[in-house]
Amino acid sequence: MFSRLVNGARVRAAWRSALLAGWCVAGLCGVTPFMSAWAMTSVKAPPKPPVNVAPVYATPLAFCQDMTRRLPNLSAAVCTKAQLTPIGAKSAQGRPLFLRDVISANAHLRVLVIGGIHGDELSSTSLVMHWIKAATETPSNIHWRFVPLMNPDGMLLDKPTRTNSRGVDLNRNFPTPNWDKEAPIYWSQRTKNDPRRYPGPKPLSEPESKWLFDEMERWKPNLIVSVHAPYGVLDFDGPTVAPQRLGRLYLDQVGIFPGSLGNYGGVHKKVPVVTIELPSALRTPQEAEIRQMWLDLLRWTAERLGAG
């Protein structure tokens with residue numbers, strides 16, 4: 001009886017070894033047969049970008065010191081005069097996000113200006129910093145809220161990345177309708193699993209996009225201006241008539257993407273979203289062009305949103 005039990009155990013052990021070897025040959029070591037179908041069809045996240053070893057700045061002064069070393073056409077004076085203050089939210093790696101409010105005495109519109117959602121678009125953050133200065137010098141009936149850098153973890157790498165420190169494209173992480181179906185399919189089929197455009201495991205999985213979502217609910221902006229690069233066009237989503245140009249950038253509506261801010265804000269929430277695509281991710285426009293874009297934006301808000 002004992003010998004039959006031993007022989008039976010040996011047979012079962014041999015069977016398990018053979019089965020495991022077969023799974024390993026198929027590249028599925030560690031996956032049970034019951035999980036195999038799921039494992040072969042599920043969408044997997046791309047590898048995470050390198051861990052950022054740069055120090056975590058804690059004050060606006062430290063932020064300016066870091067930004068003026070990295071960003072094109074951003075002087076220490078412009079950054080310091082921006083008078084940024086901590087939002088109270090932090091990036092995935094614990095860096096504080098900063099903002100600046102510029103409020104007219106007769107403000108009756110709220111405009112949220114966002115830069116640096118993609119960390120490798122350095123010129124977008126620089127432009128927003130210059131626009132803070134312009135807002136303090138140009139009268140308007142607007143409460144401006146500037147957030148120059150939404151993705152500090154991506155921008156502060158030695159080689160900046162589009163995604164945040166967890167490898168998520170923040171501009172594909174907003175809760176557009178049917179995100180669970182459309183965003184993963186778009187990423188896998190249309191972008192061929194491009195790691196630069198990974199939408200995340202679920203909408204609002206990232207603290208940076210979660211803050212912006214919550215801010216839209218709390219503050220209820222009448223307009224969102226999102227600055228990007230490097231396609232050199234002007235995009236628009238929303239219920240009003242789009243601006244035809246800002247400076248040298250002309251309107252060229254490129255469509256909507258699952259999880260994008262334009263899709264979520266302009267199409268779903270009916271909040272106009274102006275998306276600026278600067279011509280270069282590394283070079284900020286000249287001072288005269290920055291000024292002209294600003295004046296064109298003011299003119300459009302006066303004509304179409306009643307900010308005059």
Side-chain angles (χ1 to χ4, degrees), residues 63-64 66-84 98-100 102 111-140 142 144-152 154-156 159-162 170-171 223-237 242-254 260-262 272-305 307:
F63 173 84
C64 281
D66 215 342
M67 290 299 98
T68 54
R69 286 197 299 267
R70 295 170 179 269
L71 297 188
N73 191 29
L74 181 64
S75 67
V78 169
C79 192
T80 302
K81 290 180 181 179
Q83 298 179 352
L84 300 172
F98 294 97
L99 64 73
R100 169 68 190 275
V102 179
V111 180
L112 179 62
V113 183
I114 300 294
I117 289 180
H118 293 145
D120 59 355
E121 298 170 3
L122 282 69
S123 59
S124 68
T125 292
S126 183
L127 179 76
V128 175
M129 297 296 293
H130 283 274
W131 273 5
I132 294 174
K133 179 175 181 292
T136 63
E137 299 172 347
T138 312
S140 68
I142 295 174
W144 298 97
R145 177 158 291 175
F146 297 93
V147 183
L149 180 53
M150 280 294 303
N151 182 7
M155 190 171 287
L156 291 174
K159 184 178 180 180
T161 61
R162 175 185 174 99
L170 299 177
N171 202 36
L223 169 68
I224 297 173
V225 180
S226 182
V227 187
H228 290 264
Y231 295 110
V233 298
L234 181 65
D235 197 4
F236 179 81
D237 298 288
Q244 295 302 302
R245 63 179 291 178
L246 293 183
R248 297 179 182 178
L249 302 181
Y250 287 86
L251 182 67
D252 184 5
Q253 292 175 275
V254 297
S260 71
L261 179 59
V273 178
V274 172
T275 301
I276 295 170
E277 283 279 352
L278 298 173
S280 170
L282 300 178
R283 294 189 305 275
T284 307
Q286 297 295 319
E287 295 291 338
E289 176 66 4
I290 291 174
R291 179 72 175 174
Q292 188 59 55
M293 292 172 65
W294 176 254
L295 294 176
D296 288 345
L297 179 63
L298 287 180
R299 187 178 301 110
W300 177 78
T301 58
E303 294 173 354
R304 295 299 176 183
L305 301 179

Could you go through D120 and T161, starting from their C-alpha distance and side-chain angles, then the distance that decides it, and tell me whether this counts as side chain to side chain contact (heavy atoms under 4.5 Å, CB included)? CA-CA 5 Å; D120 59 355; T161 61; 5.8 Å; no
Chi angles and distances behind the side chain to side chain contact (heavy atoms under 4.5 Å, CB included) call for D66, L156: CA-CA 8 Å; D66 215 342; L156 291 174; 3.6 Å; yes
For E137 and K133, what are the C-alpha separation, side-chain angles and deciding distance, and is it a salt bridge (Lys or Arg N to Asp or Glu O under 4.0 Å)? CA-CA 7 Å; E137 299 172 347; K133 179 175 181 292; 3.0 Å; yes
Given side chain to side chain contact (heavy atoms under 4.5 Å, CB included), test I224 with V274 step by step and report yes or no. CA-CA 6 Å; I224 297 173; V274 172; over 6 Å; no
Evaluate side chain to side chain contact (heavy atoms under 4.5 Å, CB included) for D296 paired with R299, printing each intermediate quantity in order. CA-CA 5 Å; D296 288 345; R299 187 178 301 110; 2.7 Å; yes
For E121 and H228, run side chain to side chain donor-acceptor pair (under 3.5 Å): C-alpha distance rounded to whole Å, both residues' side-chain angles, the deciding distance at 0.1 Å, then the answer. CA-CA 6 Å; E121 298 170 3; H228 290 264; 3.1 Å; yes
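Take Q83 and apply the side-chain hydrogen bond (donor to acceptor under 3.5 Å, both in side chains) test, not counting sequence neighbours, and it matches no residue. Take W144 and apply the side-chain hydrogen bond (donor to acceptor under 3.5 Å, both in side chains) test, not counting sequence neighbours, and it matches S140. When the ring pair (Phe, Tyr, Trp, His ring centres under 6.0 Å) test is applied to H130, no partner is found at least two apart in sequence or on another chain.
Using a 4.5 Å heavy-atom cutoff, the side chains of L223 and W300 are in contact. Residues S75 and T68 have side chains not in contact (no heavy-atom distance under 4.5 Å, counting atoms from C-beta outward). When side chains are defined from C-beta on, P230 counts as touching E277, because their heavy atoms get closer than 4.5 Å. Inter-residue side-chain proximity for L127 and L278 is flagged as met; some heavy-atom pair is nearer than 4.5 Å. Annotation: side chain of I117 is in contact with side chain of L261 (closest heavy-atom distance under 4.5 Å).
In the model, R291 has a side-chain atom that pairs as donor or acceptor with a side-chain atom of T138 under 3.5 Å.
Relative ring orientation between F63 and F98 is described as tilted, the plane-to-plane angle lying within the 30° to 60° band.
Of the options L297, L305, V225, a side chain to side chain contact (heavy atoms under 4.5 Å, CB included) to V111 is made by V225 and by none of the others. For the side chain to side chain contact (heavy atoms under 4.5 Å, CB included) test with M67, the passing option among L74, V78, L84 is L74; the others fail.
Around the CD atom of Q253, the shell of radius 6.0 Å holds more than 12 heavy atoms that belong to other residues, nucleotides or ligands.
Nearest heavy atom pair, residue P72 against residue S126, reads O-OG, 2.7 Å. For M155 against L71, the heavy-atom pair with the smallest separation is SD-CD2, 3.7 Å. Counting all heavy atoms, side chain and backbone alike, P243 lies closest to F236 at CD-CD1, 3.8 Å.
Remark: the backbone N or O of I132 is not paired with any side-chain donor or acceptor of R100 at under 3.5 angstrom.
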